Amino acid sequence: MTDEEKTLTEDKLDRPYSEIFNTEGWDKIKEPVSLVNVILTEAIKRRASDVHFEPLEKVVRVRYRIDGLLYPVFFFSKDLHPGVVSRIKVLSRLDVAERRLPQEGRFKMGGIDVRVSIIPAHFGEKVALRILDIRYLKGLTIDKLGLEEEILKKYTRAISRPFGMIIIAGPTGSGKTTTLYAAIRALNTPQRHILTIEDPIEYEIEGVNQVQVRETIGLTFPAVLRAFLRQDPDIIMLGEMRDPETAEVGIRSALTGHLLLTTLHTNNAVGAIARLINLKIPTPLLASALIFVGAQRLIRKVCPKCAIPYKPSPELLEKLGIKIEDKDIIFYRANGCSECNNLGYKGRVAIMEALEITEEIRNLILTEAPESQIKKAALSSGMLPIKDVAMRKVLQGETTLEEVMRVIGGE
């Protein structure tokens, strides 16, 4: 492997946390309430989506997830750990005395909603905090997702349909729910009745009736979906198609005059079709209901203030399967500055493999054609592979080759 190729797999930020995060003075805080406040305040300032308190054998590690990546931030004494966990439990109204079982809760901190999950780990209770900035959702529209213009048009065209099923696919943390929320916001008018079933409810949307799943009392996805159909909805958002029963009830709702928006855990758009067939969904139902599949990832945007321009060698581009006719195109590499908190990247943008269901693809679904054959038809009808969409972001100077290799890999 050449030095140039190594740069595509190296973690540029694999360096001491003290070089990235300024935690000076934190080690002097001996009061749990103050320590929790400092850690959370800094997490919000850094745009962290998650905060992890992880008890190790001798210390407790604090990590932030920023733009999809985890960074160690701080280590504190195990002596403070019980007080820190108790403080979080008090904030989220959990049982302070219970240390043997998992617990879940939430609390608010200003305009920020914090979701809490606590599990009993080997060296003590491990806490994960999900930070949900309500202010972000209020400004979220589908044109701010960062989708390519033609892909945005396909998505907009799909959500404008009066009925049918729309799937946003991708792994955990790929922004699927956010993309659906953006669609719900675009569709949310006084003339439309919108119902959502979620586990958990990420954001509260004014004017939308949202239901939280509670399986312990029988409030499951299928049970709520069946009840929804008696509520005269126009649009239904189903958090996830997890099992055959949920999938079939959801698809039948899309066939009875409702627009259904949902998610699946598959890596590509065509894979979502195969996944539903594996869930034993009758192909006539699937072919009739499905109108759009978007396979999505989130990719970090390189910081425009400190990005380093360079020209990759023709040999590297050829090895990566990248064909660049314009020899003068400049690529960028992440560096790090005060503007991006020394991370080299700031914010993320969605990239999507957008599959519109054509008559040809419907017929292939009906005959249970191989995934490769459906993919070939999708490509011939204008679907752009997600790797090609990601490379457009590189050519536009929005991200780096390193980031594409990290997120997309060999897809």
Side-chain angles (χ1 to χ4, degrees), residues 13-134 172-173 198-204 212-217 341-343:
L13 299 169
D14 186 18
R15 41 186 174 147
Y17 67 93
S18 57
E19 293 183 15
I20 303 173
F21 301 96
N22 180 15
T23 58
E24 186 177 352
W26 289 20
D27 57 334
K28 295 181 174 61
I29 301 174
K30 303 302 179 184
E31 207 279 312
V33 172
S34 299
L35 185 57
V36 170
N37 286 344
V38 166
I39 291 171
L40 270 177
T41 301
E42 184 69 11
I44 293 167
K45 178 183 173 184
R46 295 277 184 167
R47 302 178 298 102
S49 62
D50 302 83
V51 181
H52 294 267
F53 294 82
E54 302 167 308
L56 308 179
E57 185 176 6
K58 297 180 180 178
V59 294
V60 179
R61 178 174 63 180
V62 178
R63 291 195 288 175
Y64 291 165
R65 187 177 295 279
I66 302 173
D67 291 335
L69 270 67
L70 274 174
Y71 300 97
V73 176
F74 183 61
F75 294 84
F76 64 85
S77 168
K78 289 288 288 286
D79 295 338
L80 285 170
H81 181 245
V84 165
V85 176
S86 293
R87 172 57 179 167
I88 294 170
K89 286 180 178 179
V90 168
L91 285 171
S92 45
R93 298 181 181 180
L94 299 177
D95 187 349
V96 176
E98 180 57 75
R99 298 184 179 89
R100 302 162 301 168
L101 298 173
Q103 295 193 69
E104 292 184 2
R106 63 198 307 161
F107 64 89
K108 289 187 182 294
M109 187 175 178
I112 308 297
D113 198 3
V114 182
R115 202 169 73 219
V116 180
S117 173
I118 302 175
I119 59 172
H122 183 56
F123 292 113
E125 290 182 282
K126 192 265 181 187
V127 180
L129 305 180
R130 168 64 56 88
I131 299 174
L132 304 167
D133 192 341
I134 300 169
T172 300
E198 306 171 60
D199 186 22
I201 294 173
E202 297 279 357
Y203 293 100
E204 296 173 3
Q212 166 76 53
V213 168
R214 295 176 63 190
E215 294 191 354
T216 54
I217 63 170
N341 294 322
N342 294 316
L343 298 178

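Predicted model, so just to flag it, every value in this text is computed and none were measured.
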Pick from W26, F53, Y64: which one makes a ring pair (Phe, Tyr, Trp, His ring centres under 6.0 Å) with F74?
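Of all the options given, the one that passes is W26.
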Any chance you could lay out the side-chain contact (heavy atoms from CB on, under 4.5 Å) test for V85 and R99, step after step, and finish with the verdict?
CA-CA 10 Å; V85 176; R99 298 184 179 89; over 6 Å; no
Considering non-hydrogen atoms only, spot the tightest contact between [X] and [Y] and give its length.
X    : Y    : value
P120 : P102 : CD-N, 3.9 Å
L91  : F107 : O-CB, 3.2 Å
R65  : G68  : NH1-O, 2.9 Å
E198 : I201 : OE1-CA, 3.7 Å

To the nearest 0.5 Å, tell me how far [X] [atom1] sits from [Y] [atom2].
X    : Y    : atom1 : atom2 : value
L132 : Y203 : CG    : OH    : 5.0 Å
I29  : I39  : CD1   : CD1   : 7.5 Å
D95  : L101 : CG    : CG    : 9.5 Å
L70  : R61  : CG    : CZ    : 8.5 Å
R130 : D113 : CZ    : CG    : 11.5 Å
R46  : D67  : CZ    : CG    : 12.0 Å

Decide yes or no on side-chain contact (heavy atoms from CB on, under 4.5 Å) for K78 and V60, but give the supporting numbers first.
CA-CA 6 Å; K78 289 288 288 286; V60 179; 3.7 Å; yes
Tell me, please, which residues at least two apart from [X] pass salt bridge (Lys or Arg N to Asp or Glu O under 4.0 Å).
X   : result
R87 : none
R93 : none
E98 : R100

Flag, side chain of [X] to backbone of [Y], donor-acceptor distance under 3.5 Å:
X    : Y    : answer
N22  : E24  : yes
Q103 : I118 : no
H81  : E125 : yes

Under the criterion salt bridge (Lys or Arg N to Asp or Glu O under 4.0 Å), I'd like the reasoning laid out for R115 against E202: C-alpha separation, chi angles, the key distance, then a yes or no.
CA-CA 9 Å; R115 202 169 73 219; E202 297 279 357; 3.1 Å; yes
R63 and V73: CA distance, side-chain angles, deciding distance, side-chain contact (heavy atoms from CB on, under 4.5 Å) verdict
CA-CA 5 Å; R63 291 195 288 175; V73 176; 5.7 Å; no
Of the options V127, L35, V33, which is the one that meets V84 in a side-chain contact (heavy atoms from CB on, under 4.5 Å)?
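Answer to the side-chain contact (heavy atoms from CB on, under 4.5 Å) test with V84 among V127, L35, V33: L35.
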Test side-chain contact (heavy atoms from CB on, under 4.5 Å) applied to T41 and M109, step by step
CA-CA 9 Å; T41 301; M109 187 175 178; 3.7 Å; yes
